[in-house]
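In listed order, ligands and their atoms are each counted from 1.
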Amino acid sequence: MARSKSVFVCDQCGAQQPKWAGQCADCGAWNSLTEGAPAAVPKGREGGYTGGTESRVRRLADIEPGQTPRAPTGLAELDRVLGGGLVPGSVVLIGGDPGIGKSTILLQMLAALDGVRGLYVTGEESLEQVHLRAQRLGVAAGELGLLAETCVERVLSLAQSENPQLMVIDSIQTIFSQALTSAPGSVSQLRESAAMLVRFAKSTGTALILVGHVTKEGVIAGPRVLEHMVDTVLYFEAEASSRFRVIRAVKNRFGAVNELGVFAMTDGGLKEVANPSAIFLSRHDEAVAGSVIMVTREGSRPMLVEVQALVDESHLHNPRRVALGPEGNRLAMLLAVLHRHGGVALTDQDVFVNVVGGIRVSEPAADLAVVLAALSSFRDRPLPRELVVFGEIGLAGEIRPVPGGEDRLREAAKHGFKRAIVPAANAPKSGRGPEGLQITAVRRLSEALDHL
Ligand code: TYD
Ligand code: MG
């Protein structure tokens with residue numbers, strides 16, 4: 001009799017190892033191997049991929065580019081991140097912290113999609129809870145199909161007969177397949193049940209939305225295995241105390257990435273913020289030291305955000321560098337550039353940098369704002385209130401241009417800012433920027449510091 005084999009699956013990357021080890025040989029994660037059944041081979045495929053529909057090689061030029069039909073979701077901000085709406089047969093993974101509003105927005109979306117056959121599969125809440133939420137949201141979606149089920153085989157057999165155009169699985173971590181013995185939420189379960197759902201979506205043309213939980217490190221639990229399988233990955237972000245919610249596309253086979261959709265959580269669910277440009281500013285009555293306004297451009301839309309820094313004498317051997325918003329290593333690099341090319345040493349100071357409002361600014365265009373905020377706090381000298389800045393800083397102390405300079409300047413002028421410090425290559429060619437905005441073009445960090 002053949003011994004039943006077990007394998008060890010890494011719950012970080014999903015790789016399978018024949019033996020247990022302290023470290024995954026594939027991704028290098030420590031203590032991440034757990035025992036599981038070998039990945040199930042779908043029935044009929046045990047002998048490899050034979051038979052089925054015949055494939056043939058075709059020439060690129062012969063392929064008719066069909067229009068990708070898109071169904072608008074009824075929420076314009078969500079459409080923006082999806083790249084114009086849901087594509088039939090596409091699979092969207094939406095991740096975010098618990099309580100951030102994933103279930104809420106999906107219920108709102110299903111309700112807004114009137115006339116579309118929707119199926120909401122919940123593995124976390126009872127149907128009564130979903131009903132209560134729908135009441136609270138005041139949505140009328142009497143025709144929406146609801147299913148409280150966690151077994152993927154049963155979900156699929158019901159979905160076959162229901163034949164929805166849009167199916168939501170809330171959440172993929174609660175779904176399990178009977179074919180495997182491991183617990184729901186383990187990597188082998190996630191991979192197998194997600195693969196079955198994706199196959200269903202592709203073969204029937206159902207648009208599928210999977211809700212995914214996020215781990216402490218901020219990645220979707222069972223991370224890469226899921227992100228590879230789907231067409232679009234969306235992240236829900238927010239600062240704990242803020243009522244604003246930002247949805248960001250980090251992968252999109254049908255649209256642009258880094259596009260943002262902005263919502264506000266209210267008593268009646270999530271409301272779209274159509275013009276979010278200045279909502280992340282804290283608006284001090286007078287200029288304060290350590291605060292700089294920058295124009296960031298996430299996706300295709302410029303937004304004004306406030307970068308704050310606190311520089312304080314350190315009592316530690318290794319002074320602290322804490323960055324919330326920009327990346328930590330980038331902050332260390334910028335402080336080194338400030339030292340070498342600006343002549344300001346912060347080596348015995350703790351430096352904290354934050355972007356107000358819980359929005360994450362990952363683009364290098366924030367560099368100039370970070371350096372000026374740190375310097376302003378260090379010298380305890382406020383920068384002018386009506387000033388905006390943006391620009392990337394290079395290791396040689398040069399200020400590099402950033403994409404969308406003119407858009408950013410126009411946005412700043414629209415909100416009444418009077419002065420801007422920008423990379424020389426981003427300054428308008430004609431020498432005249434938007435009405436009422438005085439533009440200072442700088443080539444090097446030292447020029448920016450001299451100007452102030
Ligand atoms: P939920 O959608 O359940 O979060 P997730 O599915 O991401 O875990 O969001 C629940 C939170 O939103 C909860 O803290 C209450 C709040 N909320 C409102 O403020 N207003 C509302 O209308 C609703 C439905 C929820
Ligand atoms: Mg939920």
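- For the pair Arg248 and Glu237, the salt-bridge criterion is met [side-chain N within less than 4.0 Å of a carboxylate O].
- Under the side-chain contact (heavy atoms from CB on, under 4.5 Å) criterion, Ala21 pairs with Leu33, sequence neighbours left out.
- Between the side chains of Thr122 and Asp170, no donor-acceptor pair of N or O atoms lies under 3.5 Å.
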Item to check | Arg133 and Glu124: CA distance, side-chain angles, deciding distance, salt bridge (charged side-chain N to carboxylate O under 4.0 Å, His left out) verdict | outcome: CA-CA 13 Å; Arg133 174 178 294 126; Glu124 302 195 333; over 6 Å; no
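- Neighbouring protein atoms of the Mg ion (ligand 2) (N, O or S, distance under 2.8 Å, waters ignored): Ser103 OG.
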Distance-only donor-acceptor hits, side chain of residues 157-169, under 3.5 Å, sequence neighbours excluded:
residue	atom	partner	partner atom	Å
Ser157	OG	Arg154	O	3.3
Ser161	OG	Leu158	O	2.9
Gln165	OE1	Arg117	N	2.8

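- The main-chain N or O of Ser177 is found under 3.5 Å from a side-chain atom of Gln189 such that the two form a donor-acceptor pair.
- Asn426 is listed as a side-chain neighbour of Phe390, based on a closest heavy-atom distance under 4.5 Å.
- Within a 6.0 Å radius of CG in Leu395, other residues, nucleotides and ligands contribute 12 heavy atoms or fewer.
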Show me the short polar-atom pairs for ligand 1: any N or O of it lying under 3.5 Å from a protein N or O, with distances only.
residue	atom	partner	partner atom	Å
ligand 1	2 (O)	Ser103	N	3.3
ligand 1	2 (O)	Thr104	N	2.8
ligand 1	2 (O)	Thr104	OG1	2.6
ligand 1	3 (O)	Arg133	NH2	2.7
ligand 1	4 (O)	Gly101	N	3.1
ligand 1	6 (O)	Ser103	N	2.9
ligand 1	6 (O)	Ser103	OG	2.6
ligand 1	7 (O)	Ile100	N	3.4
ligand 1	7 (O)	Gly101	N	3.1
ligand 1	7 (O)	Lys102	N	2.8
ligand 1	7 (O)	Lys102	NZ	2.9
ligand 1	8 (O)	Gly99	N	2.7
ligand 1	20 (N)	Arg136	NH2	3.3
ligand 1	20 (N)	Thr266	O	2.7
ligand 1	22 (O)	Asp267	O	2.8
ligand 1	22 (O)	Gly269	N	2.7

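- Taking the side chain as every heavy atom from C-beta outward, Ile399 and Ile393 approach each other to under 4.5 Å.
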